[in-house]
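In what follows, a single structure is set out as structure tokens and then discussed.
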Amino acid sequence: MKRRLLALAGAGVVVLGLAAGAVFLGPTVLRPMMMGNVAAPTGLDMASSRLTEAGLFWVSYTPEQDPIRINQIDSWILHIETADGAPVTTADIGVDGGMPQHGHGLPTRPAVAENLGGGDYRVEGIKFQMPGWWEVRFTITADGSSDVITFNLVLS
Amino acid sequence: MTRVRIAGLAVGALLLAAATLIALSFQRPGVVDWSPEEIAAIRSLWIGSLEPLAPDPSNAYADDPAAAALGQALFFDTRLSANGKVACATCHLPDRSFQDGLPLARGIGQTDRRTMTVIGAAYSPWLFWDGRKDSLWSQALGPLESAVEHGGDRAFYVHLIATNYSADYEAIFGPLPELALVPLHAGPVADAKLSEAWAGLTATDQDAINRVFANMGKAIAAYERLLLPGPTRFDRYAEAVLTNDATAAASLLNADEVAGLRLFVGQAECIKCHNGPLFTNNDFHNTGVPAVVGQAPDPGRANGVAQVVADPFNCLGNYSDAEETACAELKYMVTDGPELAGQFRPPSLRGVAERAPYMHAGQMADLETVLEHYTAAPPAAIGLSELEPLGLTTIQQGQLIAFLRTVSEP
């Protein structure tokens, strides 16, 4: 009798636990694909300071707005160093980007407005007009060598 | 009572509590079953997320109350037209959300576009459906010289200011220029006689007239900056969600409206373009809206970019008060490319249910037609439509419309 009772009590606790789980986790568990806008892929490198694809430059960006908001035109300070840490002060910089999941580019044509010296460059005209996963790609050419870095942003 | 019975009752009570909790979890009124992503989207649409209107660096009088008072008088003054019958308020009717409810606007004649509301327009970097103007004050000047809207010319308007508003004008902007030698009618408009008269003026006179004309726009803009959207039933619901007040939330939006909101931020992908607290990104998109029957497709933004670049009243022009650095939208806009063809600015959806007919030429009579269009995503008449078929059922379309009504009710 005692063992049967214990078993029943145990079952009750399990059911209660399941109920609590349903209450607190249910919404997210039951609706993992809630956003019709395709979710950004997992494992994106979101770092704002990274080595370029072929390893030639270290590139970091600092947006003027913090956090970055959609529909607000912004400037970024781009800092470029060689892979071994020397500032790159004479870079030619191309900017493009877009939303890979939507197949469109940036809503503006950002460009370097000023070489600030010390490896810093002011990039003006950066804007995002939708929530979701964005790429911003810089093509950097210095001393006859070119390399590319693609930064990821996920905006809400 | 035996111990067995007590234990049995305890287990029964536990099971009952569990069952109740499970039942509750499926019946909660709309607050806790929003995902964190959806709550972030609801917050972004909430009017509380609308930041205070930023200064307009191109208009030094943008927040001057005296300029706004003059602008209000001008906005309603029908003398600012060729036939004395057309004011800004003729198409931007205050009791109709500052629009006219017509497919195509009617001033002196008929335009080829739908009147846009003025409410919240001050937040947009671009004005008109095609963004051919880059400030509220510059926008106000366009219709004044359009042959089918006010039908006037800038020399006429400047004389009109000197005759009727000189004290108010001079208190704000300083002395009016000497106009004795300026003809009553002259301006770079479609009418050949008027544009010849304009070409015959000295550069100094042209500049003096342009400046008064620009100041008229700046006064009208100062008034229009005061026309801002108010909170709606949706905004009160959003507040209930954000404060986790299930009771208030349940009393504010019904199940269909909640389902519509869920579609709006999710499967229907409305917030790609209708995002932020104004329900618009004020950018440009081709959504494959059909051309007006019997007319060539409207190129939209593809024409607007050339016009705003050439406009002497743009942010970089002589009559703008902005430093060049404050003109980033104009300097870094996309000026060419196939994607511009057939693009138009998405209007705010605040008040949308009160603003039929829809689209840039009022092609769609009601929201049902609009939702059918977005669901079907037909190919564009010009350029490439960004839409993909949404696969929404008729019921889901109805839920979206139900939600849109909550953004249209105070």
Side-chain angles (χ1 to χ4, degrees), chain A residues 1-2 4-28 30-39 69-75 95 99 102-111 113-114 123-132 155-156, chain B residues 3-4 7-8 10-15 17-26 28 32-38 40-41 43-44 51 54 123-125 262-273 275-276 278 280-285 325 328-329 331-335 337 339 386 390:
Chain A
M1 201 63 187
K2 218 173 180 183
R4 210 174 132 202
L5 257 181
L6 272 175
L8 263 175
V13 168
V14 167
V15 170
L16 194 63
L18 283 175
V23 170
F24 293 110
L25 302 173
T28 34
L30 295 173
R31 248 189 288 268
M33 301 301 290
M34 189 96 76
M35 304 301 278
N37 301 312
V38 189
R69 291 166 296 166
I70 59 168
N71 303 335
Q72 302 284 330
I73 202 156
D74 195 17
S75 308
V95 193
M99 300 189 85
H102 297 184
H104 64 72
L106 297 173
T108 54
R109 297 252 171 90
E114 197 180 354
V123 182
E124 290 186 351
I126 296 183
K127 191 175 178 181
F128 310 99
Q129 90 285 38
M130 292 182 190
L155 304 178
S156 57
Chain B
R3 278 177 66 188
V4 174
V11 169
L14 270 176
L15 288 171
T20 310
L21 273 172
I22 290 171
L24 273 176
S25 77
F26 289 106
R28 284 211 213 184
V32 281
D33 63 347
W34 289 113
S35 72
E37 293 80 11
E38 288 172 322
R43 180 188 292 280
S44 73
E51 292 177 29
Y123 279 90
S124 182
R262 177 160 279 137
L263 288 164
F264 191 89
V265 301
Q267 184 190 342
E269 305 189 339
C270 308
I271 59 166
K272 275 186 177 177
C273 303
N275 56 39
L278 293 172
T280 173
N281 62 10
N282 284 315
D283 199 58
F284 301 94
H285 299 282
T325 50
E329 290 278 2
K331 279 169 70 182
Y332 299 104
M333 73 175 181
V334 176
T335 52
E339 73 271 26
E386 296 170 32
L390 290 172

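Scope of the values below: all heavy atoms of this structure, side chains included, with no hydrogens, waters or symmetry mates. Lettering of chains follows the sequences in order, A, B, ..., and the numbering in each one begins at 1.
With a threshold of 4.5 angstrom between heavy atoms, A:Pro107 approaches chain B through its backbone and through its side chain. The parts of B:Thr335 that come within reach of chain A are both its backbone and its side chain, each placing non-hydrogen atoms under 4.5 angstrom from that chain. Residue contact with chain B, scored on non-hydrogen atoms closer than 4.5 Å, involves the backbone of A:Leu106 exclusively.
A side-chain hydrogen bond (donor to acceptor under 3.5 Å, both in side chains) with A:Asn71 is found for exactly one of B:Asn275, B:Asn281, B:Asn282, B:Asp283, namely B:Asn275.
Between chain B and the residues A:Ala111, A:Gly103, A:Ser75, A:Gly132, the largest count of heavy-atom pairs under 4.5 Å involves A:Ala111.
Put simply, NZ on A:Lys127 and CD on B:Glu329 are 3.5 Å apart, with the number rounded to the nearest 0.5 Å. Distance check: A:His104 NE2 to B:Glu339 CD gives 10.5 Å after rounding to the nearest 0.5 Å. Here A:Thr108 contributes atom OG1 and B:Lys331 contributes atom NZ; the two are 13.0 Å apart, rounded to the nearest 0.5 Å.
Side-chain contact check for A:Pro131 versus B:Ile271: some heavy-atom pair is nearer than 4.5 Å.
Here the shortest heavy-atom pairing between A:Met130 and B:Lys272 reads CG-O, 2.7 Å.
Scored by the side chain to side chain donor-acceptor pair (under 3.5 Å) test, B:Tyr332 finds A:Glu124 as partners (sequence neighbours excluded). Residues meeting the side chain to side chain donor-acceptor pair (under 3.5 Å) test with A:Asp74, sequence neighbours left out: none.
With a 6.0 Å radius and a threshold of 12 heavy atoms from other residues, nucleotides or ligands, B:Arg43 has its CZ atom at or below the threshold.
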